Amino acid sequence: MHPLDVVKTRFQIQRNKLDPSNYRNLSDCFRKIYFNEGLFGFYKGILPPILAETPKRAVKFFTFEQYKKLLIPLSLPPAWVFAIAGLGSGLTEAIVVNPFEVVKVGLQANRDAYVQARHVINTEGFGLRGLNKGLSATLGRHGIFNMVYFGFYFNVKNAVPVNKDATLEFLRKFAIGLASGTLASIINIPFDVAKSRIQGPQPEPGVIKYRSCWKTIITVYKEEGFLALYKGLLPKIMRLGPGGAVMLLVYEYSYAWLQKHW
C-alpha cells in the first residue's frame, strides 16, 4: 500500500498548477514518479512505517480496549463509549508515531534525494520544529480517524444483524470495516493535508509558512480553496478503505481466538 501513501503526500504538498512538477491526476502522478524517480520512488519513506507500523497498530487497538474499560463504568451510551475510546486511542497513537511521520513525509516529498532522521535531528532537533513538528495536526488526524473508525464500525456492526453463514458474516464485517475506513478518511483528511504541509518542504527555503494545524488549514483554504483541503483523498481511500477493513477483521478474529483459547 505504500506507493499510494507516497502519491497521497505528493498531492497534498502540491500548492498550485504552476508547480513545474504538477500532477494532474492519479495516473499522471504514478507515471511521473516512475519515469523521473524509478520504481524505488514509490517506496521513498518506507523504513519509518516498517519500524513504526507494528507498535503503532498495537497502541491503536490496545489503548482502544483500555479506554473502553475506563468508560464503561460511567454508564455512557455505547455509541459514545466507542467514539470516545477511539478518540483517546488516536491521540495516544499520534504521540507515538509523529517522529516517524516527520521522517517519512520528508522522504516522500523529496523528489531528488533522501533525507535521514539524523539530518532532521542535527538541523532541527527533537522539539516541535524538529522530529515532533506537526504534532497538533497528527493528533487531529489520528484522533478524528480513530473516533470515526471505531465509533462507526462497532455501532453499525451492532445494529446490523449477525449472519449465521460464516462467509456472509465475514463479508458483513468487511463491508462495515471498508465503510469505516472510507468515512474516517473523508472526515480527517484536512488534518492530513495540514500535517503534510507542516512536515514537508516549505514554499520558501528558510521561511516557515506552515507552522500550526489550524493556521495551516485556514491558509490552505484562503489561498487554494476548500477542495485543496481534500487533496490526496482518492489514494488515501484506496489505501485506508480496504486496509482499515483488513485491520478490523484481523483484530476481531484474533481477539475471538484469544478469548476462546486463552
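No hydrogens, no waters, no symmetry mates; every other heavy atom, side chains included, goes into these values. Everything numeric here is computed off the predicted structure, so don't read it as measured data. The residues of the chain are indexed from 1 along the displayed sequence.
Residues Tyr255 and Val81 do not share a hydrophobic cluster, clusters being chains of Ile/Leu/Val/Met/Phe/Trp/Tyr side chains in contact below 4.5 Å. Linking Ile, Leu, Val, Met, Phe, Trp and Tyr residues whenever their side-chain heavy atoms come within less than 4.5 Å places Ile186 and Leu248 in a single cluster. Val96 and Leu139 fall into different hydrophobic clusters, where Ile, Leu, Val, Met, Phe, Trp and Tyr residues are linked whenever their side-chain heavy atoms come under 4.5 Å apart, directly or through other members. Both Val6 and Leu234 are assigned to one and the same hydrophobic cluster, defined by single-linkage of ILVMFWY side chains at heavy-atom distances under 4.5 Å. Hydrophobic clustering (side-chain heavy atoms under 4.5 Å, transitive across Ile, Leu, Val, Met, Phe, Trp, Tyr) groups Leu183 together with Ile176.
Minimum heavy-atom separation, Phe152 to Ala179: CE2-CB, 3.8 Å. Closest approach of Asp165 and Thr167 over heavy atoms only: OD1-N, 3.0 Å. Pairing each heavy atom of Leu233 with each of Ser185, the nearest pair is CD1-O, 4.0 Å. Between Ala194 and Ile217 the shortest heavy-atom distance is CB-CG1, 3.8 Å. For Val220 against Ala228, the heavy-atom pair with the smallest separation is CG1-CB, 3.6 Å. Contact record, Gly181 with Phe145: O-CE1, 3.9 Å, taken as the closest heavy-atom pair.
Between Phe30 and Phe42, the distance from one ring center to the other falls under 6.0 angstrom. Within the 6.0 Å centre-distance limit, the rings of Phe150 and Phe61 are counted as a close aromatic pair.
When atom types are taken as modelled, the side chain of His2 and the backbone of Pro49 share no donor-acceptor pair closer than 3.5 angstrom. Although no hydrogens or angles enter the test, the distance criterion places a donor-acceptor pair under 3.5 Å between the side chain of Tyr149 and the main chain of Gly244. Proximity of a side-chain donor or acceptor of Ser254 to a complementary backbone N or O of Tyr251 within less than 3.5 Å is not detected. Checking side-chain atoms of Glu169 against main-chain N and O of Asn163 turns up a donor-acceptor pair under 3.5 Å. With Arg211 contributing its side chain and Ile198 its backbone, the two residues share no donor-acceptor pair below 3.5 Å. With hydrogens and angles ignored, the 3.5 Å screen pairs a side-chain donor or acceptor of His261 with a backbone N or O of Trp257. With hydrogens and angles disregarded, no donor-acceptor distance shorter than 3.5 Å links the side chain of Asn98 to the backbone of Ala94.
A cation-pi arrangement is present between Arg197 and Tyr210, with the terminal nitrogen or guanidinium carbon under 6.0 Å from the aromatic centre and inside a 45° cone about the axis. Under a cutoff of 6.0 Å and an axis angle of 45°, Lys68 and Phe154 form a cation-pi pair. Because its NZ or CZ atom is not both nearer than 6.0 Å to the ring centre of Phe82 and within 45° of the ring axis, Lys157 does not count as a cation-pi partner of that residue.
Under a 4.0 Å N-O distance rule, the pair Glu53/Arg57 qualifies as a salt bridge. Electrostatic pairing of Lys8 and Asp192 counts as a salt bridge here, judged by a charged N lying under 4.0 Å from a carboxylate O. Using a 4.0 Å cut-off between charged side-chain N and carboxylate O, Lys32 and Glu37 make no salt bridge.
Residues Ile144 and Phe191 meet the side-chain proximity criterion, which asks for heavy atoms closer than 4.5 Å. Gln14 places none of its side-chain heavy atoms less than 4.5 Å from the side chain of Glu224. In this structure, the side chains of Glu93 and Arg141 stay at 4.5 Å or more apart for every pair of heavy atoms. When side chains are defined from C-beta on, Cys29 does not count as touching Asn25, because their heavy atoms never get closer than 4.5 Å. Side-chain contact between Ser89 and Val59 is absent, with no heavy-atom pair separated by less than 4.5 Å. Contact check for Ile189 versus Leu229: no side-chain heavy atoms found under the 4.5 Å cut-off. Side-chain contact check for Asn158 versus Pro78: every heavy-atom pair is 4.5 Å or farther apart. Using a 4.5 Å cut-off on side-chain heavy atoms (C-beta onward), Asn146 and Leu87 make no contact.
Among the candidates Lys56, Gln199, Lys195, the single residue satisfying the side-chain hydrogen bond (donor to acceptor under 3.5 Å, both in side chains) test with Glu101 is Lys195.
Rounding to the nearest 0.5 Å gives a distance of 9.0 Å between CZ of Phe100 and CG of Leu47. Distance CG/Asp5 to NZ/Lys104: 3.5 Å, rounded to 0.5 Å. With values rounded to the nearest 0.5 angstrom, Ile187 atom CD1 is found 11.0 Å from Thr182 atom OG1. Taking CZ of Arg31 as the reference point, atom CG of Asn36 lies at 10.5 Å (rounded to 0.5 Å). Rounding to the nearest 0.5 Å gives a distance of 10.5 Å between CG of Leu107 and CD1 of Ile46.
Residue Phe62 places its CZ atom among 12 or fewer non-hydrogen atoms of other residues, nucleotides or ligands, all under 6.0 Å distant. Counted within 6.0 Å of NZ on Lys209, heavy atoms from surrounding residues, nucleotides or ligands total more than 12; the atom is thus considered enclosed.
Between Tyr230 and Phe226, the ring planes are tilted. Angles from 30° to 60° get that label. Below 30°, between 30° and 60°, or above 60°: for Phe11 and Tyr23 the angle between ring planes is above 60°, a perpendicular geometry.
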Take Lys236 and Lys231, measure what side-chain contact (heavy atoms from CB on, under 4.5 Å) needs, and give me the verdict at the end.
-> CA-CA 9 Å; Lys236 182 181 174 79; Lys231 285 182 175 180; over 6 Å; no
Could you check Val7 against Ile33 for side-chain contact (heavy atoms from CB on, under 4.5 Å), going step by step and ending with a plain yes or no?
-> CA-CA 9 Å; Val7 170; Ile33 291 175; 4.2 Å; yes
Evaluate side-chain contact (heavy atoms from CB on, under 4.5 Å) for Thr138 paired with Val97, printing each intermediate quantity in order.
-> CA-CA 9 Å; Thr138 306; Val97 79; 4.2 Å; yes
Mind running side-chain contact (heavy atoms from CB on, under 4.5 Å) on Tyr67 and Ile84 for me, showing each step along the way?
-> CA-CA 8 Å; Tyr67 286 124; Ile84 296 171; over 6 Å; no
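In this model, a donor atom of one side chain and an acceptor atom of the other lie less than 3.5 Å apart for Tyr153 and Glu252.
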